[in-house]
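All remarks here apply to the structure that follows.
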Amino acid sequence: MSKDMLGWRCKFGVMGPSTNTIVQPDFDMMRPAGVTNHYARIFTPNANAISNETFRAGAEVIAGNTLDAVKSVLTCAPDHLVMGMSAVTFFDGVKGADRFVKQVEEFSGLKISVGSHACTAALNAYGGVKRIAVLSPYWPAMNIEVARYFTDMGFSVVRDIALQRPSWIGIAETTSEECVAAMKYLDGDDVDAIVQVGTNLSMVKLAAMAEMWLGKPVIAINTATYWHALRARGIQDKVEGCGKLLERF
């Protein structure tokens, strides 16, 4: 059987919001030789997310446009799909996550890695994690959905912070200093791990550094999602500099 010259091990089809500027460079940074990432952009107006209601409405627009992006990326014959937007994979807890996965997998005929389930798999890979804190660029109403999901999966969400970014593009403008301050607020002896959600928030390298000075798992959702996709395809390569998840598991 003929193989793609560059993606001879695996071709990933990645769906992400058209406003998202972080997922693509993040995933490419973690890409082993012989694996290629192919992006389909989910049409997403750069809506102002100035309240719980407008954030939810904007996220639902993205969810509604996802299958169009799946249809587009299928034309390059990918081996596996990767969802580059996390909010829609947390709606309605585990039931909602499973429903989203089933919808895409039945439509495409391919398996998909999504942020919510990838973070659960990552936490379980570290082992011994029961109590978590959640960092998001979202609004509080969305954090409630994230906490519902992790509670469904058997974790206790001790604390969370919603950075309440003003727009989809504004998420990518969040500074490292703001993220560090958020992690300092979230950390404590009552927290086993910190989980960062929101794929347009740049946290891969920062989370890897934070693991060293906090002495506990700090999971960036883009790291967890790409790790999950690699391992789902049987690709066990270890990637340095992006945290213990990719270096050890």
Side-chain angles (χ1 to χ4, degrees), residues 17 49-63 83-102 113-166 168 170-171 174 178-204 206-207 210-211 214 216-225 227-228 243 245:
I50 54 173
S51 68
N52 287 320
E53 292 72 26
T54 54
F55 184 93
R56 174 84 188 220
E60 288 178 349
V61 167
I62 296 171
M83 185 59 178
M85 195 275 186
S86 61
V88 298
T89 74
F90 287 106
F91 282 149
D92 198 25
V94 170
K95 290 188 300 181
D98 289 344
R99 187 165 56 245
F100 178 84
V101 168
K102 182 180 179 183
S113 293
V114 301
S116 55
H117 287 341
C119 284
T120 293
L123 290 167
N124 289 335
Y126 277 94
V129 175
K130 293 296 182 185
R131 303 164 300 173
I132 66 172
V134 174
L135 190 170
S136 92
Y138 304 148
W139 283 70
M142 188 64 228
N143 275 27
I144 291 172
E145 299 289 336
V146 175
R148 176 184 302 169
Y149 169 85
F150 282 118
T151 300
D152 285 350
M153 294 305 265
F155 300 99
S156 172
V157 180
V158 176
R159 269 185 298 285
D160 70 280
I161 189 168
L163 297 180
Q164 301 186 24
R165 305 307 296 162
W168 298 125
I171 294 173
T174 308
E178 289 172 309
C179 292
V180 168
M183 285 189 286
K184 287 180 177 178
Y185 164 78
L186 291 170
D187 189 37
D189 292 339
D190 55 346
V191 171
D192 300 321
I194 294 174
V195 179
Q196 172 260 316
V197 300
T199 61
N200 207 23
L201 186 62
S202 180
M203 277 279 289
V204 170
L206 184 59
E211 284 190 322
L214 292 178
K216 63 186 63 176
V218 180
I219 296 173
I221 197 161
N222 288 348
T223 306
T225 305
W227 166 83
H228 185 278
L245 187 64

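What you are looking at is a predicted structure, and each value in this text was computed from that prediction instead of being measured.
- Applying the side chain to side chain donor-acceptor pair (under 3.5 Å) test to D98 and every residue at least two apart in sequence or in another chain returns H117.
- In this structure a side-chain-to-backbone donor-acceptor pair under 3.5 Å is present from S86 to G198.
- Taking the side chain as every heavy atom from C-beta outward, S202 and T174 never approach each other to under 4.5 Å.
- Taking the side chain to side chain donor-acceptor pair (under 3.5 Å) definition, one finds that S116 meets it with T89, sequence neighbours left out.
- For residues 122-143, the pairs satisfying salt bridge (charged side-chain N to carboxylate O under 4.0 Å, His left out) are R131-D192, with sequence neighbours left out.
- By the side-chain contact (heavy atoms from CB on, under 4.5 Å) test, A122 pairs with I219, A224, W227, L245, sequence neighbours left out.
- Residues that satisfy the ring-ring contact (aromatic ring centres under 6.0 Å, His included) test with F100, not counting sequence neighbours, are absent from this structure.
- Inspection of the N222 and T199 side chains reveals no N or O donor paired with an N or O acceptor under 3.5 Å.
- Residues passing the salt bridge (charged side-chain N to carboxylate O under 4.0 Å, His left out) test with E145 are R56, R148, sequence neighbours excluded.
- Looking at L163 and L135, their side chains come closer than 4.5 Å, going by heavy atoms from C-beta outward.
- Across every non-hydrogen atom of M183 and V218, the tightest pair is SD-CG1, 4.0 Å.
- Between the side chain of N124 and the backbone N or O of T120 there is at least one donor-acceptor pair closer than 3.5 Å.
- At a threshold of 4.5 Å between non-hydrogen side-chain atoms, the residues M142 and S136 do not count as touching.
- Under the side-chain contact (heavy atoms from CB on, under 4.5 Å) criterion, K95 pairs with D92, R99, sequence neighbours left out.
- Two residues are said to be in side-chain contact when any heavy atoms from C-beta on lie closer than 4.5 Å; M153 and C119 fail this criterion.
- Scanning for salt bridge (charged side-chain N to carboxylate O under 4.0 Å, His left out) contacts around D190 gives R159, with sequence neighbours left out.
- Residues L123 and I132 are in side-chain contact: their nearest non-hydrogen atoms beyond the backbone lie under 4.5 Å apart.
- When the side-chain contact (heavy atoms from CB on, under 4.5 Å) test is applied to P17, the partners found at least two apart in sequence or on another chain are T19, N20, T44, I62, M85.
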Going through the distances and angles, do L201 and C179 end up as a side-chain contact (heavy atoms from CB on, under 4.5 Å)? CA-CA 9 Å; L201 186 62; C179 292; 4.0 Å; yes

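- Applying the ring-ring contact (aromatic ring centres under 6.0 Å, His included) rule to F90 yields the partners Y149, F150; only residues at least two apart in sequence or on another chain are considered.
- Considering CG of D187 and CG of L214, their distance stands at 4.5 Å, rounded to 0.5 Å.
- With sequence neighbours excluded, no residue satisfies side chain to side chain donor-acceptor pair (under 3.5 Å) with D152.
- For the salt bridge (charged side-chain N to carboxylate O under 4.0 Å, His left out) test, no residue two or more places apart in sequence or in another chain qualifies with D160.
- Considering V157, L186, V158 as possible partners of V191, the one that fulfils the side-chain contact (heavy atoms from CB on, under 4.5 Å) test is V158.
- One finds the NE2 atom of H228 at 14.0 Å from the OG1 atom of T223 (value rounded to the nearest 0.5 Å).
- Closest heavy-atom contact between P217 and V129: CG-CG2, 4.4 Å.
- In this structure, the side chain of K216 does not engage the main chain of I194 through any donor-acceptor pair within 3.5 Å.
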